[in-house]
Amino acid sequence: MTESNHYPLLEKIDSPHDLRQLPESALEQVAHELRAYLLDSVSRSGGHFAAGLGSVELTIALHYIYNTPDDRLVWDVGHQAYPHKILTGRRTQMPTVRRWHGVAPFPKREESPYDTFGVGHSSTSIGAALGMAIAAQHTGSRRRAVAVIGDGGLTAGMAFEALNHAGDIRANLLVVLNDNNMSISPNVGALSNRFAQILSGKLYTTVREGSKKVLSQMPSVWELARRAEEHVKGLVVPGTLFEEFGFNYIGPIDGHDLPTLLQTLRNLRSLEGPQFLHIITKKGKGYAPAEADPVKYHGVSPFDPKLGIAAGSKAGKPTYSDIFGDWACDMAALDRRMVTITPAMREGSGLVKYAREFPDQYLDVAIAEQHAVTVAAGMACDGLKPVVAIYSTFLQRAFDQVVHDVALQKLPVLFALDRAGLVGADGPTHAGSYDVTMLRCLPDMVLMAPSDENECRQMLYTGYCLDQPAAVRYPRGSGPGVPVQQEMVALPLGKAEIKRHGKAVALLAFGSLVPAAMEVGERLNATVVNMRFIKPLDDALVLELAGSHELLVTLDENALAGGAGGAVTELLSHHGLHPKVFHISLPDRAIQHGSREEMLEDAGLTAPQIEQIIRAQLPAAGTVASPV
C-alpha cells in the first residue's frame, strides 16, 4: 500500500511527538489523511472499522494536547483505537492487523508503550485510568490519566463503580465519553461548544472555586448558589448525573470539531480533580455506507471501498450462532414461557430474527453480563424459562452470579455459550478457554459440548427441558456440515456416543475436537467416543473403556486445569482405577490472535499433532495398527 502520493503529512508521523511538532492549523489535514488511510487499510485487511472512523479527531486532539505516553491514555474495549495505533508508530503494520504475528486487534501493553492498558472487554477504562491517576498521586508525578469510553460502555456497572470512586477521592482523572447516540444531537452546535469552552476555562473555574470557599461559610446562601449553578448548567447540558458523582461535567461538544476539542482539552488538562468531557461523534464518519449502517461496518472482512459490503444472504454452511438463532425462534414459538436474554450481542449471537419475531420474549440488557444472569435467575424463580445467550469470554464477567444466583438455587436457566474455545482474529481476550473450568465445579450444572450442528440443536433443547441449570458450549463459525433435524429430541442425560470401535487406544473427545479425533482414530485404529456431556459424564462407559484399552486420551478445547480431562481422571481415581490417561487440551498460555486454524496449530490441536502426541505415549510401536 503506497503512502506518499496520498498521505503527505501522515507518513511523517511515526509517533505523537511528531504530531505535536505540527502547527495546529495542519491538524484538519491530518484528520482527513488519517480517515482516508483507515478506509484504505481496513478495507484490505478487515477489522474494526466504523468506531475508528468516528474517533479520528478525538485521537488527534488527545495525542496533541497530552504528553503521551507519559500521560496515560486508556481506551475502552479498543474498537475505536485503530487511529491511535496508526499515530503511535504502527501505521505501516496496520495491513497485518488481526493476523498471525501481526498488529493486535485491541490495545496491548506488550505491543507499544502507548497502549497503557490491555483491553478487549468493555467498561474497564475508567477503573484502569483511575488506578493510574492514584499511582501518579502516590508517587508525586504530575502526569495525567485519560479514559475514553463509548456510550455503550457506560451501561456496565463497573463503569459507574469507577466513577463513584473517582469522584470520592478527587483524583486527577479525565473521562471522555465518546457518544454516538443521535438522540441528544440537538445539543451539539455553536452554543453548546462555546458553553463547554467557558465551563472548562480558567476564569469560570477560578470564580467557581473561589465562590465555594466564601459561600460555604454561609450554608443557606451556598445551597442557593449551588442550585442556581446546577439550574443554569442543566439548561444546556445533560450532566447532572456526572456532577452528582463529583465530576466537573463539560459538554456535549461536537467530537468532529477539532478547534473546539483542542481548546477544551487544553483547558481540562490544567484543571485539578475529576473531569468529565462528553463529546458527540458519528460512528462511521466520513464513509457514507458506514454512516448509514454502523452495525454492519463495525467489524468487517476485506471489501471494495467503492462498492461497500455486498448485501444479501451469507454463503456456505450455517454457523453455530445461526443454529442457535433458528432453535431459539422454534422454541419460542412452542413455549411462551421462553425469554432469551443477551448482553448487547444480538447480531453476534444470531438473534436478529428472534428479536424481530418475538419482541415480547427478548431482552437486550446492554453491556451488563452480571445483570443478564441475575435477571434470568429472577425470571426462573417465577415460572419463566430464561435462555442467556452469551459469549464464553463474557460469561467470565458474571461468574459470581452463575454461582450464587443460579447454581446454588438450582434454577432452570439455560446458558447458550457461543465462541467456546479459540476464536481466531480477536485473540486471547475473546477466547472461550475457561468456561468448562468455571462451570464443571458447580453443583447441579449440566454442561454439554456438541460435535456438530444437529447435536447443538438437540443439546439446546435438552438443556431447556431440564429443571436445573444447564449450558451448551459451541465454537465460533461453522461445524462439519451435518444436516439439522428440525424435530427436537432430548438426549439421554449424561450418555456418550461411540463413533468408532478400535483397539488399544480410546479417544474421549468433547465437542469441537470430535472431527479431529475421528481422523486420528482412523489412522491409529482407535476407539473414538463423542462424549457429549462434560457434566454429568458417562461414568459407566468411561469405566468400561478404562478396563479394555491400554491408553485413554481426552481431547477438549478448554484450559487443561479443571477441564473435561480432569473430570475423567477424577472419576477413575474415585473408583480406585489408575489406567494410563493422557489429556490433550489448550496449553497453559494465551494463544495469540490469528486465524482459528493457526491458533489450533499453535495450541497443538490439529489432527496430525494429536496423532503425533498419542504415538509418543504408546509403550510399543506395534501396539497401534498401521494407518488405513
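Only this structure's heavy atoms are used, side chains among them; waters, hydrogens and symmetry mates stay out.
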How close do [X] and [Y] get, counting heavy atoms only, and between which atoms?
X      : Y      : value
Val97  : Pro105 : CG2-CA, 4.3 Å
Met599 : Ile591 : CE-O, 3.5 Å
Phe324 : Ser349 : CD2-O, 3.3 Å
Val77  : Ser122 : CG2-CA, 3.3 Å
Asp330 : Met488 : CB-CE, 4.3 Å
Trp327 : Met338 : CZ3-CE, 4.0 Å

Should the pair Phe303 and Tyr287 be assigned to parallel (<30°), tilted (30 to 60°) or perpendicular (>60°) ring geometry? tilted
Give me the ring orientation class for Tyr354 and Phe358: parallel if the planes are under 30° apart, tilted from 30 to 60°, perpendicular past 60°. tilted
Can you see whether [X] engages [Y] through a side-chain donor-acceptor pair at a distance of less than 3.5 angstrom?
X      : Y      : value
Thr96  : His101 : no
Gln361 : Lys385 : no
Asp418 : Ser321 : yes
Asn454 : Gln458 : yes
Thr606 : Glu601 : no
Thr393 : His430 : no
Asn530 : Glu455 : yes
Asp304 : Ser43  : no
His404 : Thr374 : no

Stepwise, does the side chain to side chain contact (heavy atoms under 4.5 Å, CB included) test hold for Val529 with Val514? CA-CA 8 Å; Val529 182; Val514 170; over 6 Å; no
For [Y], does its backbone N or O pair with a side-chain atom of [X] as donor and acceptor, under 3.5 Å?
X      : Y      : result
His574 : Glu570 : no
Gln617 : Ile614 : no
Arg473 : Met448 : no
Ser573 : Thr569 : no
Thr527 : Gly502 : yes
Arg346 : Ala355 : no
Arg500 : Ala526 : yes

Yes or no on salt bridge (charged side-chain N to carboxylate O under 4.0 Å, His left out) for Arg457 and Glu487, after CA distance, side-chain angles and deciding distance? CA-CA 9 Å; Arg457 179 178 173 88; Glu487 181 186 2; over 6 Å; no
Tell me whether [X] is salt-bridged to [Y], with the criterion being a basic N under 4.0 Å from an acidic carboxylate O.
X      : Y      : value
Asp602 : Arg589 : yes
Arg532 : Glu497 : yes
Arg596 : Glu557 : yes
Glu453 : Lys317 : no
Arg419 : Asp426 : no

Decide side chain to side chain contact (heavy atoms under 4.5 Å, CB included) for Asp76 and Val119; before the verdict, give the C-alpha distance in whole Å, the side-chain angles of both, and the deciding distance to 0.1 Å. CA-CA 7 Å; Asp76 208 89; Val119 295; over 6 Å; no
Honestly, is Lys495 close enough over Phe533, meaning NZ or CZ under 6.0 Å from the six-membered ring centre and within 45° of the axis? no
Validation row, ring centre Tyr391 to ring centre Phe394 under 6.0 Å: yes
Sub-6.0 Å ring centroid separation between His298 and Phe49: no
